[in-house]
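The structure under discussion appears below in the form of structure tokens.
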Protein chains: 2
Amino acid sequence: MITKGLEDYLEIIYNKISSDKDIKAVDIAHEFNVARSSVSEALIRLADMNLIIYEGRKGIKITPEGKIEAQKIIKKHKILSDFFSEILGIDLAVSEENACKIEHVINEEVIEKIKVFTDFCIEKSINKQFRKTNDNDK
Amino acid sequence: MITKGLEDYLEIIYNKISSDKDIKAVDIAHEFNVARSSVSEALIRLADMNLIIYEGRKGIKITPEGKIEAQKIIKKHKILSDFFSEILGIDLAVSEENACKIEHVINEEVIEKIKVFTDFCIEKSINKQFRKTNDNDK
DNA sequence: GTCTATAGTAAGGCAGACCTAACAAAATGT
DNA sequence: ACATTTTGTTAGGTCTGCCTTACTATAGAC
């Protein structure tokens with residue numbers, strides 16, 4: 001089974017690969033503030049699980065299975081982050097930070113409900129209403 | 001620092017102690033479906049951290065520090081569980097289960113906002129409105 | 001009072017996620 | 001081309017949280 005730690009690695013690999021260019025192990029090490037050796041181990045494990053193709057300096061590629069796995073996590077991440085920032089009015093950095101942690105533990109049913117609820121709130125302008133109330137309280 | 005695992009142990013100890021009577025290590029083992037020895041280790045660590053007073057068969061007591069720590073966790077738990085069940089309309093068991101996991105990773109700012117937002121939604125009957133919409137969709 | 005079931009501890013192990021230090025190989029600078 | 005980074009791996013360790021097995025101490029049953 002994929003662990004929380006590996007999910008984080010896979011997520012960043014997917015994001016980098018789909019957005020721009022290549023990603024190196026050392027970049028991940030910087031991003032997560034961990035030792036290069038820790039990244040090395042993690043990449044080897046992801047490769048063992050057939051989620052990425054890892055050939056050291058030759059680069060990191062994502063497999064179709066890895067892509068599916070990554071997309072699941074990213075979907076959760078986005079739903080959470082959107083809810084925090086757009087509905088609750090939390091600043092983006094904090095929203096992202098919390099989404100990053102919660103995405104690994106929350107279950108499907110709750111995530112789906114949060115999504116539907118977020119859409120509902122935007123449609124009914126509940127977010128704007130809430131922020132107004134919230135600002136007045138200060 | 002207190003870990004997620006220890007937070008869970010402390011939480012159940014606090015809950016049992018404040019609700020009914022005594023709690024034994026073996027009860028915790030059943031509750032969490034872990035071996036007695038695992039509980040034993042955890043209790044010793046909690047005692048080392050001065051969060052509980054543990055004297056084997058003589059029982060488990062919670063220290064004032066432990067109480068404060070436990071209350072923090074329980075507060076988060078309740079805010080999350082209430083939001084999931086009362087606003088999103090998720091059933092209690094699932095709400096509890098998710099609250100249990102998220103309470104260890106979410107930060108203060110987000111939790112506070114969720115609380116304020118939950119109150120706001122109840123006041124404005126947004127929860128009822130949401131459930132109606134949700135039911136019609138099915 | 002003995003004897004059995006229950007509760008707790010100790011010892012030894014495993015996996016995940018991290019570390020440092022030492023080293024090899026490749027890329028870069030000049 | 002050669003020296004110096006930079007990048008990645010290996011080896012050896014730590015810590016947390018869990019396990020099993022085997023042992024001890026106690027509480028209750030009879």
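Just so it is clear: chains get the letters A, B, ... in the order the sequence lines come, proteins before strands, and each one is counted from 1.
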Students often get this wrong, so: under 4.0 angstrom with heavy atoms, is A:Asn33 touching a base, only sugar-phosphate, or nothing? sugar-phosphate
Using whole Å, report how far CG of B:Asp27 lies from C1' of C:dA7. 10 Å
What is the distance, rounded to the nearest whole Å, between atom NZ of A:Lys4 and atom C1' of C:dA17? 12 Å
Find the distance A:Ile2:CD1 to C:dA15:C1' and express it as a whole number of Å. 16 Å
Integer-rounded Å distance: C:dG16 P and A:His104 NE2: 16 Å
For C:dT9 and B:Tyr54 - does any side-chain N or O of the residue sit under 4.0 Å from the phosphate oxygens OP1/OP2? yes
Counting the atoms with a prime plus P, OP1 and OP2 as sugar-phosphate, which does A:Ala35 contact under 4.0 Å by heavy atoms, base, sugar-phosphate, or nothing? base
Taking atom C1' of C:dA17 as reference, at what distance in whole Å does atom CE of B:Met1 sit? 17 Å
Checking contacts here: which listed nucleotide (C:dG8, C:dT9, D:dG8) is nearest the side-chain heavy atoms of B:Ser40? C:dT9
Out of C:dC19, C:dA7, D:dG8, which nucleotide sits closest to the side chain of B:Val26? C:dA7
Grab the CD1-C1' distance between B:Ile44 and D:dT16 for me, whole Å please. 15 Å
Can a side chain N or O of A:Tyr9 be found less than 4.0 Å away from OP1 or OP2 on C:dC18? yes
For the aromatic rings, using the six-membered ring if either is Trp, is the centroid distance between B:Phe83 and B:Phe120 under 6.0 Å? no
To the nearest angstrom, how far is A:Arg45 atom CZ from D:dG8 atom C1'? 18 Å
B:Lys67, NZ atom: more than 12 neighbouring heavy atoms under 6.0 Å: no
Nearest-angstrom distance from the residue atom NZ of B:Lys24 to C1' of D:dG28: 12 Å
Answer yes or no: does a side-chain N or O of A:Ser38 lie under 4.0 Å from OP1 or OP2 of C:dA17? no
Tell me whether the side-chain N/O atoms of B:Thr3 come closer than 4.0 Å to OP1 or OP2 in D:dT16. no
Is a donor-acceptor contact shorter than 3.5 angstrom present between the side chain of B:Arg36 and the base of C:dG8? yes
Carefully, step by step, assess B:Ile28 and B:Ile23 under the rule side chain to side chain contact (heavy atoms under 4.5 Å, CB included). CA-CA 8 Å; B:Ile28 301 175; B:Ile23 182 163; 3.7 Å; yes
Within the supplied structure, the quantity of interest is the number of heavy atoms (other residues, nucleotides, ligands) at a distance under 6.0 Å from B:Lys101 NZ; does it exceed 12? yes
Hey, does the side chain of A:Ser37 come within less than 4.0 Å of D:dT9's phosphate (OP1/OP2), counting only N and O? no
Residue whose closest nucleotide on DNA chain C lies nearer the 5' end, B:Gly56 versus A:Arg57: B:Gly56
How are the rings of B:Phe117 and A:Phe130 set relative to one another: parallel (under 30°), tilted (30 to 60°) or perpendicular (over 60°)? perpendicular
